[in-house]
Every structure is written in C-alpha cells, then in structure tokens.
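Working notes, beginning with the structure itself.
For ligands, and for the atoms within them, numbers begin at 1 and follow the listed sequence.
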Amino acid sequence: MRIFVIGNGAREHALLNAFSTDPQVTELHVAPGNVGMESIATLHQVVADDPEAVVSLSDALVPDLVVIGPEVPLVAGVADAVRAAGYPVFGPNADAAQIEGSKAFAKDVMQAAGVKTAHAEAIQPDATGEQIDAAIDNFGPNWVVKDDGLAAGKGVVVTQDRAEARAHAVDVLSAGNPVLLESFLDGPEVSLFCLVDGETVVPLVPAQDHKRVGEGDTGPNTGGMGAYAPLDWLPENAVQRIVDEVCIPVASEMSKRGAPFQGLLYAGLAWGSDGPSVIEFNCRFGDPETQAVLALLESSLAEALLAAATGKLAEHPELQWKDGYALTVVLASLGYPAATRTGDVITGAEPGREVDGVLHAGTKRNDNGEIISAGGRVLNVIGVGSTLEEARNSAYDTLKSISLDGSHFRGDIALPAVEGRISIPE
Ligand code: AMP
Ligand code: GLY
C-alpha cells in the first residue's frame with residue numbers, strides 16, 4: 001500500500017511511524033513533513049492546505065490512501081478535492097469539518113442530536129460594551145471564553161477572573177471574530193478518537209491531554225503539553241457510553257444534514273457526575289494524544305484508515321491493542337505558547353529516533369545541516385510500559401538524551417493518574 005500523509009507535526013510523524021512498521025505498507029510520502037520523518041518517508045514541498053497542489057501531487061504519486069492530519073487543509077476542502085480526483089481519503093470533506101471549524105455549527109449539531117454539552121451564548125464583533133457586559137454577567141463564577149474559529153486550542157480562556165474573561169472577549173471581537181461564552185463543565189477531561197465512515201463508529205483507546213503550559217495545570221492553554229492512554233480512572237463502560245451518547249448521534253445527525261463525517265471524529269469531553277459532556281469536537285487526530293494512542297495499537301493502522309476511507313468499517317475486524325500504557329511528553333521552545341524563540345540547535349533528535357520514541361513537531365535544518373527548532377512544540381517523546389509509571393519513566397529517561405537551549409516540558413504528565421488523584425465529581 002502506498003500512503004500519502006499531509007501535515008508536518010508529531011501527530012503525522014506518529015502516523016508515519018505506525019505505517020512504517022506495517023508489512024502491507026510499501027511506500028510512504030508526506031507533504032510538507034519535517035526533518036524527523038526523513039528516514040521513513042519521502043518529503044514533498046507542497047502547500048498542504050492548497051487543494052489543487054495536493055491533487056497534483058496525488059496524481060503524481062497515485063496513492064492507495066491519503067491521510068490528512070491537520071484541520072486547516074480539511075476545513076479548506078483538501079479532502080473534497082482529493083476524493084473528487086478519485087483517491088481514497090481519510091479525513092472529512094469541508095462541510096463535515098465544520099464540526100471543528102465552527103463551534104456554533106458544532107453546538108447546533110449537538111442540540112439536534114441530543115448530545116450533552118455546555119450552554120453557550122455568542123457575542124458578535126459589532127456588540128456594544130453594554131452587550132458584552134450583559135453577556136459576561138450571564139456566566140460565572142468560572143468563565144469560559146472562546147474564539148469561534150480555528151485557534152489550535154489556544155483561543156480559549158478559562159478563568160474565575162471576570163476582568164480577564166472580558167479582556168479576552170474584547171481581544172477576539174476586535175480581531176473580527178465572534179466569541180462563544182460557555183457554562184463551565186466540571187470533571188476530568190477525556191479525548192476519545194473514533195474512526196467514522198459516515199455511520200459506523202469505531203473508538204480507539206481513550207486518552208487525556210494536558211493543555212495548560214505549566215505543571216499542576218497552571219498558566220495559559222497550549223495545543224497540548226503531553227498525554228497518556230488508556231484511562232484507568234474512567235468507569236468501565238465509559239467508552240461505550242461516549243460512543244452511544246455522543247459519537248453515534250453526532251455522526252447520524254451529520255449524515256442527515258447531507259454532511260456525512262468520514263475520518264477521525266475527536267470528542268473532547270468532561271466526565272462529570274452524570275457522565276460525558278462535550279467540550280469540543282475536532283475533525284482530525286488530536287495532537288499530542290495520537291502519539292500515545294498509536295503507540296498501543298497492535299492492528300494495522302493502514303487497514304483501519306483505509307476501511308474508514310472506503311466505507312467498510314462495519315466489516316473491519318475489531319481493533320487489537322497492546323497491554324500497558326503509553327505517554328507522550330512535549331518538548332517546547334523557550335517562551336511557548338506566547339512569544340516563541342526558534343532557531344536553536346537540537347541534539348539527540350537525529351532522524352531515525354522514532355524507534356526510541358522521539359517524534360518531531362517543529363523542527364528543520366539550518367544551513368549547516370544541523371537540526372534546529374522551528375516552532376513552539378518542537379519534539380514529542382513517547383514512553384511505553386506495563387504500568388503508567390513505567391511509561392512515564394521511559395519517556396523522561398529518553399528526554400535526558402535530548403538537548404535544546406531554553407526548552408521546557410511538563411514533568412507531571414500522567415502524574416495525577418499515577419498518584420490516584422483524578423476523581424469524578426459526585
Ligand atoms: P477547546 O479549544 O474548546 O477544546 O478548549 C480548550 C480547553 O479549555 C479544553 O480542553 C478545556 O480544558 C477548557 N474548556 C473549554 N471549554 C470548557 C468548558 N465549557 N468547561 C470547562 N473547561 C472548558
Ligand atoms: N490535543 C488537543 C488537540 O489536538 O486539539
């Protein structure tokens with residue numbers, strides 16, 4: 001099988017890594033990719049969110065499967081174009097990608113499908129100061145203020161400080177975007193990824209992301225600083241409940257609207273006293289959770305994604321998982337997520353280290369051929385073990401072999417779970 005992956009982060013590196021050990025996969029291509037992928041895939045310098053450019057590269061490669069990693073090309077219609085050109089695509093068309101691209105659209109689908117989620121109110125960019133104040137006063141004492149557009153997880157402020165909530169709303173509105181205010185959902189967070197081919201929904205193992213930049217969940221939200229899987233603290237039937245109460249109703253509602261979802265439906269949930277409530281949907285694999293989840297997958301990822309892309313998930317054999325736990329720790333640049341310094345030399349991350357669990361996100365080569373940081377989230381380091389503690393030790397040990405000036409990471413990924421500190425509200 002010849003597979004063409006679109007994207008350039010650690011999520012795409014994890015996808016390629018899983019494909020690279022699959023005996024059915026003969027060739028791997030990626031656009032644009034990153035230097036870490038050089039030893040397992042052929043890199044192509046194509047603008048990943050330009051549908052025409054991606055179709056012409058597909059025509060040259062004639063792939064058996066195209067896998068689109070990030071949300072931006074999906075929302076831009078790259079899947080529509082590649083599908084129309086006749087190639088099987090894992091990733092939704094633009095209309096279905098609105099489940100992530102527009103929070104208002106997602107709320108509307110959830111309401112129609114009877115799915116539990118936070119109560120929300122929109123503020124439009126032309127709102128007056130009084131209207132903004134009135135809307136803010138409808139919420140609290142925990143305010144959740146969101147940018148209603150693609151913001152890579154960074155457009156959300158959750159705060160008990162009314163002034164901070166108002167200031168974020170004004171910032172988003174003055175950039176011309178609507179704001180969504182939401183009621184606060186209590187309970188630990190779960191990311192559940194489901195393969196969907198329109199109607200059939202196949203869950204992967206549940207994971208938990210660590211969104212805040214600082215240890216102990218402090219500081220601003222990021223794209224994700226680390227993740228682990230599976231989640232022992234969830235009730236036994238939790239995955240089935242999420243599938244039945246959230247993912248199947250949403251997939252059915254989208255089909256009913258003529259926007260069937262084909263690809264990866266990511267349900268971001270809070271597990272509260274009466275079970276799962278949706279925080280958000282994404283239309284693609286989560287980053288960094290995917291890096292942990294795929295480290296546990298035993299079945300062929302290529303076959304499973306092809307089954308989803310060709311509407312054959314119902315016939316696909318049940319996915320098999322390794323026993324044990326996996327964890328990923330993100331190594332971030334100085335200053336991330338605010339002002340990020342790039343261009344620092346990295347040692348210990350030569351291509352080929354995916355076998356040790358070293359995946360690249362924001363990296364490139366400088367003129368001397370050295371690998372340097374080129375983004376906020378620079379590397380991901382994966383650990384696997386028979387216990388979560390072992391997985392943690394393994395990842396943090398590997399991190400010691402890497403150096404990047406000024407970089408930072410969270411030392412407490414999965415620690416609350418290891419220490420039994422995660423509790424579901426009564
Ligand atoms: P989002 O981009 O919508 O996933 O939000 C980013 C993060 O903000 C989530 O992972 C949660 O940690 C937090 N968050 C968003 N919405 C809510 C909510 N309604 N209640 C509690 N926390 C939330
Ligand atoms: N880990 C959060 C996301 O992928 O949006």
Side-chain angles (χ1 to χ4, degrees), residues 7 9-12 14-15 69-72 74-75 97 99-107 110 115-121 138-160 164-165 168 172 177 179-193 204 206-214 217-229 263-272 276-294 327-330 332 337 361 376-377 380 410 413 422 425:
R11 163 185 53 208
E12 289 75 26
L15 290 164
E71 62 277 18
V72 173
L74 291 166
V75 171
I99 197 78
E100 172 166 1
S102 162
K103 291 184 191 290
F105 173 83
K107 286 282 177 201
M110 282 189 273
V115 169
K116 262 190 302 181
T117 184
H119 164 70
E121 209 173 292
N138 286 338
F139 293 84
N142 280 299
W143 281 272
V144 180
V145 184
K146 301 190 174 187
D147 184 340
D148 188 21
L150 289 179
K154 288 175 278 188
V156 179
V157 165
V158 181
T159 179
Q160 300 196 338
E164 190 189 353
H168 184 58
V172 173
N177 290 341
V179 161
L180 268 194
L181 295 175
E182 282 191 4
S183 59
F184 178 76
L185 296 171
D186 197 16
E189 285 184 39
V190 179
S191 300
L192 187 72
F193 301 163
L204 309 187
Q208 189 178 51
D209 189 9
H210 295 57
K211 291 247 167 67
R212 303 277 188 146
V213 72
D217 293 330
T218 52
N221 267 320
T222 68
M225 292 298 290
Y228 66 97
L264 197 289
L265 184 64
Y266 165 145
L269 311 133
W271 196 278
S277 287
V278 174
I279 291 177
E280 63 160 352
F281 284 107
N282 292 317
C283 64
R284 37 84 194 168
F285 279 102
D287 188 349
E289 298 97 307
T290 299
Q291 292 83 303
V293 168
L294 293 185
L327 167 128
T328 181
V329 181
V330 171
R377 294 190 291 176
N380 269 234
R410 276 182 64 166
I413 304 304
I422 299 185

Residue Glu289 vicinity, atoms of ligand 2 by number, heavy atom under 4.0 Å = 1 (N), 2 (C)
Can you tell me if Lys211 has a non-hydrogen atom under 4.0 Å from ligand 2?
-> yes
Is there a donor-acceptor pair closer than 3.5 Å between any side-chain N or O of Arg410 and the backbone N or O of Arg212?
-> yes
Numbered atoms and elements of ligand 1 in range of Glu182, under 4.0 angstrom, heavy atoms | 16 (N), 18 (C), 19 (N)
Heavy-atom gap Gly268 to ligand 2 smaller than 4.0 Å = no
Note, Phe139 side chain near Val144 side chain (heavy atom, < 4.5 Å) | no
Asp209 contact mode with ligand 1 (heavy-atom cut-off under 4.0 Å) | neither
Short side-chain to backbone donor-acceptor contact, Lys107 and Ala118, under 3.5 Å = yes
Does ligand 2 have any atom sitting under 4.0 Å from a heavy atom of Tyr266?
-> yes
For ligand 1, which atoms, with element, lie under 4.0 Å from some heavy atom of Lys146?
-> 3 (O), 15 (C), 16 (N)
Pull out every atom of ligand 1 sitting under 4.0 Å from any heavy atom of Val158, numbered as shown with elements.
-> 8 (O), 13 (C), 14 (N)
Looking at ligand 1, does any of its N/O atoms fall within less than 3.5 Å of an N/O of Leu185?
-> yes
At a 4.0 Å threshold, what atoms of ligand 1 neighbour a non-hydrogen atom of Phe184?
-> 20 (N), 21 (C)
Enumerated ligand 1 atoms positioned under 4.0 Å from heavy atoms of Ala118 = 19 (N)
Under 3.5 Å: donor-acceptor pair, side chain of Glu100, backbone of Cys283 | yes
Start with the C-alpha gap between Asp287 and Arg377, add the side-chain angles, then the distance that decides, and say whether side chain to side chain contact (heavy atoms under 4.5 Å, CB included) holds.
-> CA-CA 10 Å; Asp287 188 349; Arg377 294 190 291 176; 4.0 Å; yes
Is there side-chain contact between Glu289 and Tyr266, with at least one heavy-atom pair below 4.5 Å?
-> yes
Interfacing atoms of ligand 2 (cut-off 4.0 Å, heavy-atom, Arg284) = 3 (C), 4 (O), 5 (O)
If we only count heavy atoms from C-beta on, is the Leu181 to Val145 side-chain gap below 4.5 Å?
-> yes
Decide side chain to side chain contact (heavy atoms under 4.5 Å, CB included) for Phe285 and Leu204; before the verdict, give the C-alpha distance in whole Å, the side-chain angles of both, and the deciding distance to 0.1 Å.
-> CA-CA 11 Å; Phe285 279 102; Leu204 309 187; 3.9 Å; yes
Atoms of ligand 1 less than 4.0 Å from Ser183 heavy atoms?
-> 18 (C), 19 (N), 20 (N)
Within a distance under 4.0 Å of any heavy atom of Asp209, pick out the atoms of ligand 2 and give their elements.
-> 1 (N), 2 (C)
Using atom types as modelled and distance alone, determine if a side-chain donor or acceptor of Arg11 lies under 3.5 Å from a backbone N or O of Thr290.
-> no
4.0 Å heavy-atom contact, Gly224 with ligand 2 | no
Note: ligand 2 atoms sitting under 4.0 Å from heavy atoms of Gly223 are 1 (N), 2 (C)
Got a donor-acceptor contact below 3.5 angstrom from the Ser277 side chain to the Ala270 backbone?
-> no
Which atoms of ligand 2 are found less than 4.0 Å from any heavy atom of Pro288?
-> 1 (N)
Per-atom filter on ligand 2: closer than 4.0 angstrom to a heavy atom of Gly286 are 4 (O)
Are any side-chain N or O atoms of Thr222 and backbone N or O atoms of Pro337, one a donor and one an acceptor, separated by less than 3.5 Å?
-> no
Polar side-chain atom of Gln208 near backbone of Glu189 as donor-acceptor pair, under 3.5 Å | yes
Just which atoms of ligand 1 are under 4.0 Å from any heavy atom in Lys211?
-> 9 (C), 10 (O)
Can you list the atoms of ligand 1 that are under 4.0 Å from a heavy atom of Glu189?
-> 9 (C), 10 (O), 11 (C), 12 (O)
